[in-house]
2 protein chains.
Amino acid sequence: MPINNSTHIANYDSALRALGDNLKRIRRQFSISQEQLAERCGLHRTYVGAVERGERNPSLTSLLRLSHGLGIPLSELVYGVDQ
Amino acid sequence: MPINNSTHIANYDSALRALGDNLKRIRRQFSISQEQLAERCGLHRTYVGAVERGERNPSLTSLLRLSHGLGIPLSELVYGVDQ
DNA sequence: CTGTGACTCATAGTCCGTT
DNA sequence: CAACGGACTATGAGTCACA
């Protein structure tokens with residue numbers, strides 16, 4: 001991986017887990033299935049599931065697909081709050 | 001229940017260009033070089049340059065590295081404004 | 001200091017399934 | 001409906017020499 005200048009480089013796994021938790025929570029608020037969400041986003045069912053489990057590190061375009069598919073801002077997906 | 005349909009599932013290239021423009025503008029406001037920014041983020045110089053040119057589609061972790069390196073929220077990088 | 005093309009390697013993302 | 005697996009292709013990560 002990258003060069004690492006010791007400072008604040010750390011917790012990106014937890015960011016991925018947070019993303020997954022937020023995604024799952026918000027999706028459930030809309031009462032839709034992973035499959036329905038995937039269809040709305042133009043992504044695959046199994047991929048959305050993996051993101052919710054924090055197992056994937058989505059690209060910007062995938063993040064935007066998800067936020068558009070849910071009609072929410074990116075910050076709500078990533079940080080859990082609408083900043 | 002929100003929205004969606006293929007109408008707004010399109011222009012992700014423009015989102016990548018917007019990201020690059022925002023990144024370059026913000027970096028210049030800090031008066032630092034691509035090289036210095038890259039070092040702060042733990043990324044490679046040429047990679048940061050390619051993102052600024054809209055040639056890369058960074059993952060969430062790369063986006064977080066950049067936003068942390070600059071000390072700004074993700075939304076400012078992606079949308080150009082602190083939402 | 002930055003842009004570019006090319007490259008390797010890892011993983012994003014899809015698709016077929018079963019539990 | 002969701003988790004998970006295996007196999008696969010496309011693309012991102014990360015680097016370099018050089019312009």
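First the proteins, then the strands, lettered A, B, ... as listed; each starts at 1. None of the values given here were measured: they were computed from a predicted structure.
Under the rule for a side chain to side chain contact (heavy atoms under 4.5 Å, CB included), B/S31 has no partner lying at least two apart in sequence or in another chain. Under the side chain to side chain contact (heavy atoms under 4.5 Å, CB included) criterion, B/S59 pairs with A/N57, B/T61, B/S62, sequence neighbours left out. Under the side chain to side chain donor-acceptor pair (under 3.5 Å) criterion, B/Q34 pairs with B/E52, not counting sequence neighbours. Every residue meeting the side chain to side chain contact (heavy atoms under 4.5 Å, CB included) condition with A/R56, not counting sequence neighbours, appears here in chain and number order: A/Y47, A/A50, A/V51. Every residue meeting the salt bridge (Lys or Arg N to Asp or Glu O under 4.0 Å) condition with A/E55, not counting sequence neighbours, appears here in chain and number order: A/R53. In this structure B/A15 satisfies the side chain to side chain contact (heavy atoms under 4.5 Å, CB included) test together with A/L64, sequence neighbours excluded. Listed by chain and residue number, nothing satisfies the salt bridge (Lys or Arg N to Asp or Glu O under 4.0 Å) test with A/R25 (two or more places apart in sequence, or in another chain).
Across the protein-nucleic acid pair, B/E39 atom CD and D/dT15 atom P stand 13 Å apart, rounded to whole Å. Protein atom CZ of B/R65 is 10 Å distant from nucleotide atom C1' of D/dA13, rounded to whole Å. Atom CG in A/L43 sits roughly 16 Å away from atom C1' in C/dT11 (whole-Å rounding). Atom NE2 of B/H44 is separated from atom C1' of D/dG12 by 16 Å (rounded to the nearest Å). Rounded to an integer number of Å, the gap from CG of B/D13 to P of D/dG12 is 10 Å.
The number of heavy atoms from other shown groups lying within 6.0 Å of CD (A/E35) does not exceed 12.
Using a 4.5 Å heavy-atom cutoff, the side chains of B/E76 and B/N22 are not in contact.
Contact between B/S67 and A/Y79 at its shortest, heavy atoms only, is OG-OH, 4.4 Å.
In this structure, of C/dT2, C/dC15, C/dG17, it is C/dG17 that holds the atom nearest to the side chain of A/R45. Here the side chain of A/S33 is nearest to one of D/dC1, D/dG14, C/dT2, namely D/dC1.
Sorted by residue number, the members of residues 46-60 of chain A with any non-hydrogen atom under 4.0 Å from DNA chain D read A/T46, A/R53, A/E55. Near-neighbour residues of DNA chain D inside residues 16-25 of chain B, defined by a heavy atom below 4.0 Å, are absent.
Annotation: the terminal axes of the helix from C/dT2-D/dA19 to C/dT19-D/dA2 meet at 50°, where each axis is the rotation carrying the C1' atoms of four end pairs onto the next four (5 pairs per end, rounded to 10°).
As judged by a 4.0 angstrom heavy-atom cut-off over every strand, A/R27 is placed among residues touching the sugar-phosphate backbone only.
Taking side-chain N and O atoms only, B/Q34 has a distance below 4.0 Å to OP1 or OP2 of C/dG3.
Side-chain N or O atoms of A/Q36 include one that pairs as donor or acceptor with a backbone N or O of A/S33 at under 3.5 Å.
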